[in-house]
Engineer: 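Below are the structure tokens for one structure; questions will follow.
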Amino acid sequence: MILAGLAAEPALWRLAAPGAEGRSLEVEGLRLVTSSRGPWPVAVPGPGQVQALALDPGAEAPALEHLLTGLGFRRAGEVWIGTGEAPAQPLAPGVLEVVLATAEDILSLQGRAEATEIAKRLGPMLVRAASRLRAEAGAAPARLRLADGRVTRADWRLPYAHFFSMEEHDIAWQRFDGTMSGTVTRAAFVSGDAVTVLPYDPIRDRVLVIEQFRAGPLVRGDRRLWQIEAIAGRVDPFETPEEAARREAVEEAGLTLSDLRFVARYYPSPGAVSEYIYTYVALTDLPDGAAGVFGLEEEAEDIRGHLLGFDAFMELVASGEIDNAPLLLTALWLQRERLRLRGS
């Protein structure tokens, strides 16, 4: 089996297939470009020559085929090729780690999900893998809570997988008396890390909030389907939370933000949702006319901005018209820090 276009990082495939022996070779009629699925190199048909890695298929062949199909490659004879157009670029810092983590997730789904279906949701899987790496690298303090209790997993299932997914895990965990619980089933809605950012003008003492339709209230049966929120969005797999906050501000409000103040990082509903949110306030200029209607057409976004003086903003909090957790948390933080920010 020849893995063409993958030789830029052959360690990926050696990790994916432990113990696999490979040899380097050159393949004619292929050229390296940047993948259309992410910022890594792939080979596509065309004039040129690429360095590739040849592996003895052996016992690893089914796993490698599952992995490559899940990553969006297709077989052309003995060669696996991808899709892409831009000239290949060196891997940016952190890209390989995210792709390796995604490869582990794809391999864990062998026998649980079809590789062709995995390929369709590679984007969300990259987000999920990047979120896991962020979680492993940035664990929150544990001065009061149990930090290293034992958890065992007997089995797990993936009953639903699309843009988001649902996982069921049969698990047992250490009780506070040191014994292990019985095995029980727990389900979680799987979502990647997200950011929220509230633009605040300390000179004019006003904020910019956004308004948009939300499916959650609809499914709950709420009659108020449009939410007043902070600018928000998921953290894409190859960006930091701060970069995501600045990108979302451009997309959802037409604002270029620079001075971000960290508010908190948290699970909004840890009993059933894996999402982890990074929340910021951005000190910025919000003149009259700064609010408009924005959003990405390809994501069916229709987002209206509102400029609110601080007192009017807090009135919406008190009345219950603002009733989503990230903006409520941000409002309380701003209430505490407002005088200091206005003096800075």
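For clarity, every value in this text was computed on a predicted model and none was experimentally measured.
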Engineer: Would you say the side-chain atoms of R246 pair up with the backbone N or O of T256, donor to acceptor, closer than 3.5 Å?
Structural biologist: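 No: the side chain of R246 does not pair with the backbone of T256.
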Engineer: Using the side-chain contact (heavy atoms from CB on, under 4.5 Å) definition, which of the options E211, R214, E252 pairs with E229?
Structural biologist: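 For E229, the side-chain contact (heavy atoms from CB on, under 4.5 Å) test succeeds with only one of E211, R214, E252, which is R214.
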Engineer: State the CG-CG distance between L126 and L71, to the nearest 0.5 angstrom.
Structural biologist: 8.0 Å
Engineer: Can you name the closest pair of heavy atoms from A245 and L260 and give their distance?
Structural biologist: CB-CD1, 4.2 Å
Engineer: Is it possible for you to say whether F163 and M166 belong to one hydrophobic cluster, with membership spreading through side-chain heavy-atom contacts below 4.5 Å?
Structural biologist: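 Looking at the clustering, M166 is in the same group as F163.
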Engineer: Considering only heavy atoms from C-beta outward, does the side chain of E167 approach that of S274 to under 4.5 Å?
Structural biologist: no
Engineer: Using the salt bridge (charged side-chain N to carboxylate O under 4.0 Å, His left out) rule, pick out the option among R186, R153, R157 that qualifies with D170.
Structural biologist: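 Per the salt bridge (charged side-chain N to carboxylate O under 4.0 Å, His left out) rule, the option paired with D170 is R157, out of R186, R153, R157.
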Engineer: Quick one: are M180 and R175 in side-chain contact, heavy atoms under 4.5 Å?
Structural biologist: no
Engineer: Find the distance between CG (L308) and CD1 (I228) and round it off to the nearest 0.5 Å.
Structural biologist: 7.5 Å
Engineer: Quick one: are Q212 and D302 in side-chain contact, heavy atoms under 4.5 Å?
Structural biologist: no
Engineer: Does the distance from a Lys or Arg side-chain N to an Asp or Glu carboxylate O, for R220 and D222, drop under 4.0 Å?
Structural biologist: yes
Engineer: Parallel, tilted or perpendicular: which fits the ring planes of H169 and W156, with parallel below 30° and perpendicular above 60°?
Structural biologist: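 If you compare the ring of H169 with that of W156, the planes turn out parallel.
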Engineer: Where do P217 and Q227 come nearest, in terms of heavy atoms and distance?
Structural biologist: CG-NE2, 4.1 Å
Engineer: For the residue pair L198 and V209, establish whether any side-chain heavy-atom pair is separated by less than 4.5 Å.
Structural biologist: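 Side chain of L198 against side chain of V209, heavy atoms only: contact under 4.5 Å found.
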Engineer: Over all heavy atoms of both residues, which pair between G192 and V127 is shortest? Give the atoms and the distance, please.
Structural biologist: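 Shortest heavy-atom contact: CA-CG1, 3.7 Å.
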Engineer: Within a strict 4.5 Å, meaning less than it, do heavy atoms of the S131 and E275 side chains meet?
Structural biologist: no
Engineer: Any Lys/Arg nitrogen of R247 or E251 sitting under 4.0 Å from an Asp/Glu carboxylate oxygen of the other?
Structural biologist: yes
Engineer: Quick check for you: to the nearest 0.5 Å, what is the distance between I322 atom CD1 and M314 atom CE?
Structural biologist: 8.5 Å
Engineer: Looking only at atom types and distance, does a side-chain atom of T69 sit under 3.5 Å from a main-chain N or O of T116, one as donor and one as acceptor?
Structural biologist: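 No; judged by distance alone, with no hydrogens or angles, the pair does not exist.
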Engineer: Using the six-membered ring wherever Trp is involved, compare the ring planes of Y278 and Y276 and label them parallel, tilted or perpendicular (cut-offs 30° and 60°).
Structural biologist: perpendicular
Engineer: With distance as the sole test, does E117 use its side chain to make a donor-acceptor pair with the main-chain N or O of E114 at under 3.5 Å?
Structural biologist: no
Engineer: Quick check: does any side chain N or O of R234 sit under 3.5 Å from a backbone N or O of S191, one acting as donor and the other as acceptor?
Structural biologist: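 No, R234 side chain to S191 backbone: no donor-acceptor pair under 3.5 Å.
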Engineer: Say whether T279 and T330, considering side chains only, have a donor N or O and an acceptor N or O under 3.5 Å apart.
Structural biologist: no
Engineer: Where do L341 and L334 land on the side chain to side chain contact (heavy atoms under 4.5 Å, CB included) test, with the steps shown first?
Structural biologist: CA-CA 9 Å; L341 295 176; L334 184 57; 3.8 Å; yes
Engineer: Using every non-hydrogen atom in the two residues, find where Y200 and P202 come nearest and quote the distance to one decimal.
Structural biologist: O-CD, 3.3 Å
Engineer: Donor-acceptor check, side chain of R132 to backbone of A101, threshold 3.5 angstrom: yes or no?
Structural biologist: yes
Engineer: Does the structure place the NZ or CZ of R338 under 6.0 Å from the centre of the six-membered ring of F310, at an angle of no more than 45° from the ring's axis?
Structural biologist: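 Yes - R338 lies over the ring of F310, closer than 6.0 Å to its centre and within 45° of its axis.
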Engineer: Start with the C-alpha gap between R206 and D288, add the side-chain angles, then the distance that decides, and say whether salt bridge (Lys or Arg N to Asp or Glu O under 4.0 Å) holds.
Structural biologist: CA-CA 10 Å; R206 62 168 54 158; D288 293 345; 3.0 Å; yes
Engineer: Contact between L67 and F73 at the side-chain level, heavy atoms closer than 4.5 Å - yes or no?
Structural biologist: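 They are not in contact (no side-chain heavy atoms under 4.5 Å apart), so the answer is no.
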Engineer: Determine the minimum heavy-atom distance between V197 and A282, stating which atoms define it.
Structural biologist: CG2-CB, 3.8 Å
Engineer: With a 4.5 Å heavy-atom cut-off, do L158 and S165 have their side chains touching?
Structural biologist: yes
Engineer: Looking at CZ of R304 and CH2 of W226, how far apart are the two atoms once the value is rounded to the nearest 0.5 Å?
Structural biologist: 10.0 Å
Engineer: Does L68 share a hydrophobic cluster with V95, counting links as ILVMFWY side-chain heavy atoms below 4.5 Å and allowing steps through other members?
Structural biologist: yes
Engineer: Is T34 reaching over with its side chain to a backbone N or O of P87, donor-acceptor style, under 3.5 angstrom?
Structural biologist: yes
Engineer: Test side chain to side chain contact (heavy atoms under 4.5 Å, CB included) on V42 and I81 and set out the steps.
Structural biologist: CA-CA 7 Å; V42 297; I81 62 176; over 6 Å; no
Engineer: Any chance you could lay out the side chain to side chain contact (heavy atoms under 4.5 Å, CB included) test for V44 and R31, step after step, and finish with the verdict?
Structural biologist: CA-CA 6 Å; V44 298; R31 60 190 180 91; 3.8 Å; yes
Engineer: Report the distance from atom CG of L329 to atom CD1 of I277, rounding to the nearest 0.5 Å.
Structural biologist: 9.0 Å
Engineer: Treating H66 as the side-chain partner and L107 as the backbone partner, does any N or O pair qualify as donor plus acceptor under 3.5 Å?
Structural biologist: no
Engineer: Any side-chain heavy atom of Q89 sitting closer than 4.5 Å to one from P39?
Structural biologist: no
Engineer: Please evaluate residues V235 and E243 with respect to the criterion side chain to side chain contact (heavy atoms under 4.5 Å, CB included), reporting the C-alpha separation (whole Å), side-chain torsions for both, the decisive distance (0.1 Å), and the verdict.
Structural biologist: CA-CA 8 Å; V235 182; E243 290 168 341; over 6 Å; no
Engineer: Does E321 pair with R224 as a salt bridge, N-O distance under 4.0 Å?
Structural biologist: no
Engineer: Do you reckon I303 sits in the same ILVMFWY cluster as L296, going by side-chain contacts under 4.5 Å, direct or chained?
Structural biologist: no
Engineer: From R204 CZ over to T284 OG1, what is the distance, rounded to the nearest 0.5 angstrom?
Structural biologist: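 It is 9.5 Å, given to the nearest 0.5 Å.
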Engineer: Hey, any chance L286 and L327 share a hydrophobic cluster, counting ILVMFWY side chains that come within less than 4.5 Å of each other, even indirectly?
Structural biologist: no
Engineer: If you look at every heavy atom in I210 and A230, which pair is closest and at what distance?
Structural biologist: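 Closest approach of I210 to A230: CD1-O, 3.6 Å.
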Engineer: Report, as yes or no, whether the 6.0 Å neighbourhood of atom CD on E136 holds more than 12 heavy atoms from other residues, nucleotides or ligands.
Structural biologist: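 Yes, CD of E136 has more than 12 neighbouring heavy atoms, counting only those of other groups under 6.0 Å.
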Engineer: When hydrophobic residues are tied together by side-chain contacts of less than 4.5 Å, even through go-betweens, does I118 share a cluster with L122?
Structural biologist: yes
